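A quick note: this is a predicted structure, and the numbers were derived from the prediction, not measured. Side chains are part of it too, since the values below use all heavy atoms of this structure and drop only hydrogens, waters and symmetry mates. Lettering follows sequence order; numbering is per chain, from 1.
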Amino acid sequence: MEKWPQTPKKEKAEEKRLPPLPNVDEVKQVVTRFSPNPDCVLHLGSARAILLSHEYARVYNGKFVLRFEDTDPKVKRPSLEFYDYIRQDLAWLDCKVDEEYIQSDRIPIYYEYAKRLIGDGNAYVCTCVPDEFREKTVNKEPCPCRDLSPQEHLERWQQMLDGGYPEGSAVVRVKTDLNHPNPAVRDWPALRVIDSAKYPHPRVGSKYRVWPLYNMAAGVDDHLLGITYIIRGKEHLTNGVRQEYLYRHLGWEYPQAIHYGRLKITGAFLSKSKIVEGVKSGEFAGWDDPRLATFAALRKRGITAEAIKKMIVDVGPKPADVTLSWENLYSYNRKILDPQCDRYFFVADPVKLTVKNVPKAFDVKLPLHPEKPEGGVREYTVTPTGEEAAVSVWIAKTDAANMEGGKVVRLMELFNVKIEAASDAAVQAVFVSESYEDVRKVRAQLIHWIPVGEEFPCSVVMSDASSVAGFAEGACKKLKPDAVVQFERFGFVRIDAAAEKLEAYYAHK
RNA sequence: GCUCCGGUAGUAUAGUCCGGCCAAGUAUAGUGGCCUCUCGAGUCACGGACCCGGGUUCGAAUCCCGGCCGGAGCACCA
């Protein structure tokens with residue numbers, strides 16, 4: 001150990017890393033898991049769970065497990081479509097799944113442990129009505145079922161499995177300390193009866209009447225699957241306490257748990273029920289409606305998985321709640337997009353600008369990327385026609401609105417013009433000069449343009465789901481879906497479709 | 001009500017465990033300059049924070065006590 005390390009000054013641009021996992025030397029291998037209920041698509045609210053779990057597994061050369069927690073066919077009923085959506089989202093996030101499990105395939109395993117717990121007197125079948133049970137435990141008193149013999153409870157258990165108890169009339173409880181200061185942990189419910197004919201499970205149908213609750217299923221699985229680090233939201237804090245009783249009964253050692261705070265993003269609602277409701281009612285166009293913070297929507301808008309990951313790693317696993325702003329995400333994304341995206345002109349709400357007295361034809365070469373001159377160009381020729389030697393180009397309505405007689409503006413990379421007359425419908429101008437230097441010192445406005453005849457219809461869906469119609473330049477005809485480009489002076493967009501016309505989704509400035 | 005967890009600039013984060021290098025670093029957002037044939041990027045500068053009150057100490061963002069504020073759990077949900 002160096003007593004006086006020559007601590008160098010902190011490097012400024014140092015990449016932020018995750019804090020080290022506690023007690024890593026005590027485990028053979030780091031195994032983490034992400035365990036969603038497939039009752040909705042994934043959204044930014046799950047990003048911490050996914051990316052932290054996956055990232056820690058990678059950093060320590062461990063394993064990352066995906067486990068579908070689909071043990072509630074009634075209240076939070078899973079739906080078949082979401083299993084695959086979730087797999088796709090993880091793949092998109094570049095989170096490779098080393099092992100996958102589905103709890104609805106593992107019901108007999110939970111039964112086995114339930115039986116063992118009951119037989120050992122560590123769990124019991126409670127037939128009390130919930131209110132009466134609650135009344136007892138709040139006062140630290142056992143319910144009438146608790147002290148019956150294990151033998152009797154085994155018989156009740158068999159009856160539960162055989163259909164002898166209708167839904168709601170019996171529940172298996174794991175024994176805890178009735179004096180535990182937190183009433184919420186006292187003799188928690190582990191398995192319950194669900195009318196499987198009425199509420200068939202989307203995967204296994206009506207095969208099971210008895211379903212494990214979260215703490216039973218997750219608790220058993222975390223041990224059986226060798227999970228060494230549970231990384232989950234702090235709303236699970238008391239579940240950890242509850243599960244420790246289960247582990248003690250079974251002679252297991254509870255994994256290490258890291259509880260992070262809730263992640264929100266300003267203005268976005270990250271409530272699964274609202275998302276599902278809104279999509280089903282048609283309020284949202286789909287799971288990828290740009291107003292949603294689902295991964296599907298972010299992907300559609302050209303937000304990169306890399307940006308999301310970087311942001312989550314920067315935020316880290318601390319237990320404080322965080323409310324991120326979209327600007328923050330955009331900034332991460334912009335850093336990734338800016339160096340790699342080609343530039344094109346997109347004219348929103350086009351207005352025709354006619355320039356007179358153009359002395360000659362101009363061949364223009366517009367670089368695809370300002371910092372990469374070798375990266376290629378878009379080429380256009382503008383040729384004056386008619387007695388007035390006129391050239392017509394499309395410009396954005398917002399630019400046209402800024403024009404007034406006498407004002408000099410530069411059509412980027414083309415030439416300078418002086419405005420003669422401007423209205424919402426058309427702008428008249430006259431050629432002034434070609435050189436950029438001429439107008440640079442007077443700081444003339446630089447505007448983008450598309451030659452009339454070179455336009456390609458394009459609509460951009462904005463982040464509030466509104467749509468902006470306009471023209472993209474002709475070179476955009478060769479763009480393929482999924483390309484992310486920057487429409488200069490407009491923002492980054494992801495091309496969603498490119499056939500008769502271009503359809504794009506707006507990412508951010 | 002009971003139990004638990006948090007609180008550093010607009011937002012997020014570093015530092016808190018092991019008090020001094022923190023008159024608090026970084027990112028983003030804001031403002032201004034430079035640069036640039038994008039209102040983009042880059043670059044330089046500026047403004048901006050330790051929830052409050054006591055205590056311990058030569059010294060507290062960091063330790064102790066009290067308070068305030070925020071969040072979560074208290075489901076036969078996950």
Side-chain angles (χ1 to χ4, degrees), chain A residues 7 9-10 12-14 16 19 22 35-39 69-72 74-78 103 126 128-130 133-134 137-138 165 167-173 180-186 188-194 210-211 213-215 217-218 232-242 259 261-266 272 310-311 314-316 318-332 334-335 337-339 341 343 345 366-367 369-371 398-399 410-414 416 435-437 439-440 444-448 486-492 508-509:
Chain A
T7 37
K9 288 271 176 285
K10 266 187 256 175
K12 264 183 88 174
E14 200 175 341
K16 194 174 169 194
S35 39
N37 178 352
D39 64 344
E69 302 201 331
D70 55 348
T71 58
D72 178 10
K74 187 182 173 183
V75 181
K76 291 195 177 163
R77 190 169 188 273
Q103 288 188 327
C126 175
C128 300
V129 300
F133 175 84
R134 216 178 112 82
T137 42
V138 166
Y165 288 104
E167 181 177 308
S169 64
V171 60
V172 176
R173 294 186 180 280
H180 193 281
N182 187 351
V185 319
R186 297 175 198 156
W188 49 270
L191 300 99
R192 84 301 210 180
V193 177
I194 283 179
V210 176
W211 286 89
L213 272 328
Y214 171 75
N215 284 300
R232 62 184 166 200
K234 63 178 180 179
E235 67 270 18
H236 284 294
L237 235 22
T238 46
N239 285 327
V241 179
R242 287 194 262 239
H259 295 97
R262 188 176 177 163
L263 181 138
K264 288 184 289 190
I265 189 151
T266 45
K272 287 207 233 173
K310 182 87 170 49
M311 182 173 81
D314 274 3
V315 169
K318 67 178 223 174
D321 292 343
V322 299
T323 306
L324 295 163
S325 75
W326 286 102
E327 278 307 326
N328 235 291
L329 213 208
Y330 294 163
S331 153
Y332 282 104
R334 190 152 41 222
K335 277 197 168 53
L337 254 29
D338 188 77
C341 288
R343 268 58 168 175
F345 287 160
L366 301 150
H369 195 288
E371 266 90 56
T398 47
D399 284 330
R410 176 168 179 82
L411 299 178
M412 288 168 65
E413 306 273 2
L414 215 209
N416 313 315
S435 152
Y436 170 56
E437 305 305 324
V439 292
R440 188 179 173 174
Q445 194 182 7
L446 303 170
I447 66 173
H448 60 288
Q486 188 197 49
F487 282 158
E488 287 193 63
R489 303 211 303 139
F490 184 79
F492 291 94
H508 48 75
K509 201 78 200 137

Inset, instruction - Look at all strands and tell whether A/Lys74 reaches a base, only sugar-phosphate, or nothing, counting heavy atoms closer than 4.0 Å. - result: nothing
Inset, instruction - Measure the distance from CH2 on A/Trp188 to P on B/C76 and round it to the nearest whole Å. - result: 12 Å
Legend entry - Per A/Asp72 side chain, nearest of listed nucleotides B/A78, B/U8, B/U38: B/A78
Inset, instruction - Give one of base, sugar-phosphate or nothing for A/Asn416, where a contact means two heavy atoms less than 4.0 Å apart. - result: nothing
Inset, instruction - Kindly indicate whether the side chain of A/Glu327 and the base of B/G10 share any N or O donor-acceptor pair separated by less than 3.5 Å? - result: no
Inset, instruction - Please work out if A/Pro339 contacts a base, only the sugar-phosphate, or nothing of the nucleic acid, heavy-atom cut-off 4.0 Å. - result: nothing
Inset, instruction - State plainly whether the residues A/Asp39 and A/Lys272 are in salt-bridge range, i.e. N to O under 4.0 Å. - result: yes
Inset, instruction - Determine the contact category for A/Gln486: base if any of its heavy atoms lies under 4.0 Å from a base atom, sugar-phosphate if only primed atoms, P, OP1 or OP2 are that close, otherwise nothing. - result: base
Inset, instruction - May I ask you to say what A/Thr71 touches in the nucleic acid, namely base, sugar-phosphate or nothing, with a heavy-atom cut-off under 4.0 Å? - result: sugar-phosphate
Inset, instruction - Using both distances under 3.5 Å as the test, list the Watson-Crick or G-U wobble partner of B/U56, or none. - result: none
Inset, instruction - Kindly point out which of B/U13, B/U28, B/C2 is positioned nearest to the side chain of A/Val322? - result: B/U13
Inset, instruction - Could you check which nucleotide pairs with B/C37 in any of the strands shown, counting Watson-Crick or G-U wobble with both distances under 3.5 Å? - result: none
Inset, instruction - Scan A/Pro130 against the nucleic acid and name what it touches under 4.0 Å (heavy atoms): base, sugar-phosphate only, or nothing. - result: base
Inset, instruction - Give one of base, sugar-phosphate or nothing for A/Thr323, where a contact means two heavy atoms less than 4.0 Å apart. - result: sugar-phosphate
Inset, instruction - Pick the P atom in B/U28 and in B/A23, then give their distance to the nearest Å. - result: 25 Å
Inset, instruction - Report the distance from atom NZ of A/Lys509 to atom CZ of A/Phe492, rounding to the nearest 0.5 Å. - result: 10.0 Å
Inset, instruction - Between B/U38, B/A78, B/C4, spot the one nearest the side chain of A/Leu237, thanks. - result: B/C4
Inset, instruction - Spell out, as yes or no, whether a donor-acceptor pair under 3.5 Å connects the side chain of A/Arg343 to the backbone of A/Cys341. - result: yes
Legend entry - Given B/G40, B/G6, B/C37, the nucleotide with the shortest approach to the side chain of A/Ala320: B/G6
Legend entry - Between P of B/G73 and CZ of A/Arg232, the distance in whole Å: 13 Å
Inset, instruction - Can you tell me the pairing partner of B/A72 across any strand shown, Watson-Crick or G-U wobble, with both distances under 3.5 angstrom? - result: B/U3
Legend entry - From B/U3, B/U38, B/G6, nucleotide with atom closest to A/Pro319 side chain: B/G6
Inset, instruction - Mind checking A/His180 for me? I need base, sugar-phosphate or nothing, with any heavy atom below 4.0 Å counting as a touch. - result: nothing
Legend entry - Rounded distance in Å - CD1 (A/Ile194) to P (B/C77): 6 Å
Inset, instruction - Could you check whether A/Cys341 gets within reach of a base, just the sugar-phosphate, or nothing at all, counting any heavy atom under 4.0 Å? - result: nothing
Legend entry - Any-strand Watson-Crick or G-U partner of B/C50, both distances under 3.5 Å: none
Inset, instruction - For B/U31 versus B/U36, give the span between their P atoms, rounded off to a whole number of Å. - result: 22 Å
Legend entry - Among B/G73, B/C37, B/G71, the nucleotide that comes nearest once only the side chain of A/Met412 is considered: B/C37
Legend entry - Partner nucleotide of B/A45 by Watson-Crick or wobble geometry (both distances under 3.5 Å): B/U31
Legend entry - Whole-Å gap separating C1' (B/U11) and CZ (A/Arg262): 18 Å
Legend entry - Selection from B/G42, B/A29, B/C5 that lies nearest to any side-chain heavy atom of A/Ser331: B/A29
Inset, instruction - May I ask you to test the A/Leu411-A/Ile447 pair for a side-chain heavy-atom distance under 4.5 Å? - result: yes
Inset, instruction - Would you mind reading off the distance between A/Lys310 atom NZ and B/U28 atom P, rounded to a whole angstrom? - result: 9 Å
Legend entry - Rounded distance in Å between the C1' positions of B/G32 and B/G70: 36 Å
Legend entry - C1' gap between B/A9 and B/C46, integer Å: 14 Å
Inset, instruction - Select one nucleotide: of B/G40, B/C37, B/A12, the one nearest the side-chain heavy atoms of A/Arg410. - result: B/C37
Inset, instruction - Using a 4.0 Å heavy-atom cut-off across all strands, classify A/Asn328 as base, sugar-phosphate, or nothing. - result: base
Inset, instruction - Calculate the interatomic distance between A/Asp321 atom CG and B/C4 atom C1'; express it in whole Å. - result: 13 Å
Legend entry - Nearest-angstrom distance, C1' atom, B/C50 to B/G19: 15 Å
Inset, instruction - Determine whether A/Lys335 and A/Lys310 make a side-chain contact, defined as any pair of heavy atoms from C-beta on separated by less than 4.5 Å. - result: no
Inset, instruction - Determine the contact category for A/Glu413: base if any of its heavy atoms lies under 4.0 Å from a base atom, sugar-phosphate if only primed atoms, P, OP1 or OP2 are that close, otherwise nothing. - result: base
Inset, instruction - Report yes or no: is there a donor-acceptor pair, N or O only, under 3.5 Å between the side chain of A/Asn239 and the base of B/C74? - result: no
Inset, instruction - Write down the distance between CG (A/Asp314) and P (B/G25), rounded to a whole number of angstrom. - result: 18 Å
Legend entry - B/G7 and B/U16, which share atom name C1', separated by this distance in whole Å: 13 Å
Inset, instruction - Classify the nucleic acid contact of A/Glu371 as base, sugar-phosphate or nothing, counting any heavy atom under 4.0 Å across all strands shown. - result: base
Inset, instruction - Scan A/Leu213 against the nucleic acid and name what it touches under 4.0 Å (heavy atoms): base, sugar-phosphate only, or nothing. - result: sugar-phosphate
Inset, instruction - With the side chain counted from C-beta on, respond yes when A/Arg262 and A/Glu235 share a heavy-atom pair under 4.5 Å apart, and no when they do not. - result: no
Inset, instruction - To the nearest Å, give me how far apart CG (A/Leu414) and P (B/C37) are. - result: 16 Å
Inset, instruction - Using a 4.5 Å cut-off on heavy atoms from C-beta on, say whether the side chain of A/Val241 contacts that of A/Asn182. - result: no
Legend entry - Same-atom distance (C1') from B/C17 to B/C77, integer angstrom: 36 Å
Inset, instruction - Considering only atom C1', compute the distance from B/G25 to B/G71 and round it to an integer number of Å. - result: 28 Å
Legend entry - Partner nucleotide, any strand, of B/U26 [Watson-Crick/G-U, under 3.5 Å]: B/A12
Legend entry - CZ/A/Arg77: more than 12 non-hydrogen atoms of other groups inside 6.0 Å: yes
Inset, instruction - Check whether any side-chain heavy atom of A/Trp211 sits under 4.5 Å from a side-chain heavy atom of A/Lys74, and report yes or no. - result: no
Legend entry - Shortest side-chain distance from A/Arg242, nucleotide among B/C74, B/C76, B/C39: B/C74
